[in-house]
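To start, the structure itself, in structure tokens.
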Amino acid sequence: MTESHSLSRRLLAGDLAVIFYLALVKLLIHFYTNAFAGYGIFRDELYYLASTSQLDMGYVDHPPLSIFILAVNRLLFGDSIFAIRLLPALAGAATVFFIGLLVKEMGGRKVAQFAACAAAVLSPQFLGYNTIYSMNSFDILLWTIGFYAVARLLNTQEPRYWILLGVIVGVGAFNKTSMLWFGAAVAIGFLLVERHWLKTQWPYMAGAIAFLIFLPYIIWNMMHDYAHLEFMRYASAVKYVSQTPATFLSGQILVHNPVALLLWFGGLLFLLFHKSVRQFRVLGVMFLIVVTILIVNWHSKAEYLAAAFGSVFAGGGLAVERLVQSSFFRVLRTAYFALLIVTGILLAPLAIPILPVDTFIGYTATLGLSPGTPEGHHLEELPQFYADMFGW
């Protein structure tokens, strides 16, 4: 049997089947809902499109990689909404697939893979990010690949994975500077849990690679009076002043589906304390380090933590599979999965534009939800995410 036939069999019916099919579900959701229900292009997408006509090594509010990618995408596929949102949909599906691979790398089987990937597919925050073109879809994907690379490093003790981590952090930072939080989490996490690696040259080589990839954006900022730092200072001082550590922490419950709280918080505890995943404890420590960085920032939005959730979704899948063994608890597990799916479907219209405007307004009124924004704007009947897609 050829290698390609073997891979196809694994994807369709083998040990990767659950991961593959849930990633496919994620992709089809976005293919179906892109440009659906009468909504138009999102305001930030207009900005990204405009930026492709002014290619540079940096922009005031973000590094240039996502603009370069969009410029190529426009050249190949044009400017339709479906074409613009093709890559975010593919990135979302790839994120689900790598979360499944992370579970598998830590020894999880089909139940663990299903739990972790289903939580990712149904996360309102992930659905929203992968609906529109922005740097965020690539950010979540690169963080998830980074967690997978850390797990491979821990599992194989193969030092060359440090090179991969350096590339991931560098490319990720050249897409969105929040990848630097991931880099800090790797450095501090390994210092606390796996410090023997710091006696080798590999972590420092990874840091040098990341720095060289990110260097053009540093130089651009030096040539433009550190515009990005000024942008972040202003956003924290004025734009997001309504955000506090309390709104940041409480926001995690809603943006990833309240029912999923049991899964991902349990997954964090499982990674930190359960002996069966002791070698992967650094993944849980990394998540806590990112949480700490964002709390110290004080005005962090709840969505800032989204990219780190691949690790705790994976930990939650493992916890569900390994801690739920008796027949009685397996019934409860099945009921929990059903509740997770149902609530995910009920919350989906809040994240993907699947309902026409009038229907959406009635739907949120029935749920008792009022339109929201993290930026302190006055809103009428649509949340900012949809208001910025409607009425151009």
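- Side-chain atoms of Arg10 do not come within 3.5 Å of backbone N or O of Leu16 as any donor-acceptor pair.
- Checking Asp44 against Ser134 by side-chain atom types alone, no donor-acceptor pair falls below 3.5 Å.
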Output a table of donor-acceptor pairs, distance under 3.5 Å, between side-chain atoms of residues 310-323 and any protein atom two or more places apart or on a different chain; print 'none' if there are none.
| residue | atom | partner | partner atom | Å |
| --- | --- | --- | --- | --- |
| Ser311 | OG | Ala308 | O | 2.9 |
| Glu321 | OE1 | Arg109 | N | 2.9 |
| Glu321 | OE2 | Arg109 | N | 3.2 |
| Glu321 | OE2 | Val111 | N | 3.4 |
| Glu321 | OE2 | Ala112 | N | 3.2 |
| Arg322 | NH1 | Ser276 | OG | 3.2 |
| Arg322 | NH2 | Met106 | O | 2.8 |

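- Note on residues 132-157: pairs passing ring-ring contact (aromatic ring centres under 6.0 Å, His included), not counting sequence neighbours, are Tyr48-Tyr133, Phe98-Tyr148, Tyr133-Phe138, Trp143-Phe182, Phe147-Phe182.
- With His256 as reference, Phe126 is the one residue of Phe265, Trp264, Phe126 to meet the ring-ring contact (aromatic ring centres under 6.0 Å, His included) rule.
- Within the structure, salt bridge (Lys or Arg N to Asp or Glu O under 4.0 Å) contacts touching residues 155-171 (residues at least two apart or in different chains) are Glu158-Arg160.
- Ring to ring, Phe287 and Phe309 are close: their centroids are under 6.0 angstrom apart.
- Here the closest non-hydrogen pair linking Gln113 and Gly108 is NE2-O, 3.3 Å.
- Remark: Asp61 pairs with Tyr47 by the side-chain hydrogen bond (donor to acceptor under 3.5 Å, both in side chains) rule, at least two apart or across chains.
- Here the side chain of Tyr129 pairs no donor or acceptor atom with the backbone of Pro88 at under 3.5 angstrom.
- The OG atom of Ser51 sits 4.0 Å away from atom CD1 of Ile67, with the distance rounded to the nearest 0.5 Å.
- Checked against the 6.0 Å centroid threshold, Tyr304 and Phe248 do not count as a close aromatic pair.
- Side chain to side chain, Tyr59 and His228 fail the donor-acceptor criterion of an N or O pair below 3.5 Å.
- Between Phe42 and Phe385, the ring center distance clears the sub-6.0 Å criterion.
- In this structure, the ring-ring contact (aromatic ring centres under 6.0 Å, His included) partners of Phe337, at least two apart in sequence or on a different chain, are Phe114.
- With ring centers used as reference points, Phe97 lies 6.0 Å or more from Phe20.
- When atom types are taken as modelled, the side chain of Arg74 and the backbone of Leu49 share a donor-acceptor pair closer than 3.5 angstrom.
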N/O donor-acceptor pairs under 3.5 Å from side chains in residues 341-350, not counting sequence neighbours:
| residue | atom | partner | partner atom | Å |
| --- | --- | --- | --- | --- |
| Thr343 | OG1 | Asn257 | OD1 | 3.3 |
| Thr343 | OG1 | Asn257 | ND2 | 3.1 |
| Thr343 | OG1 | Leu339 | O | 2.8 |
| Thr343 | OG1 | Leu340 | O | 3.1 |

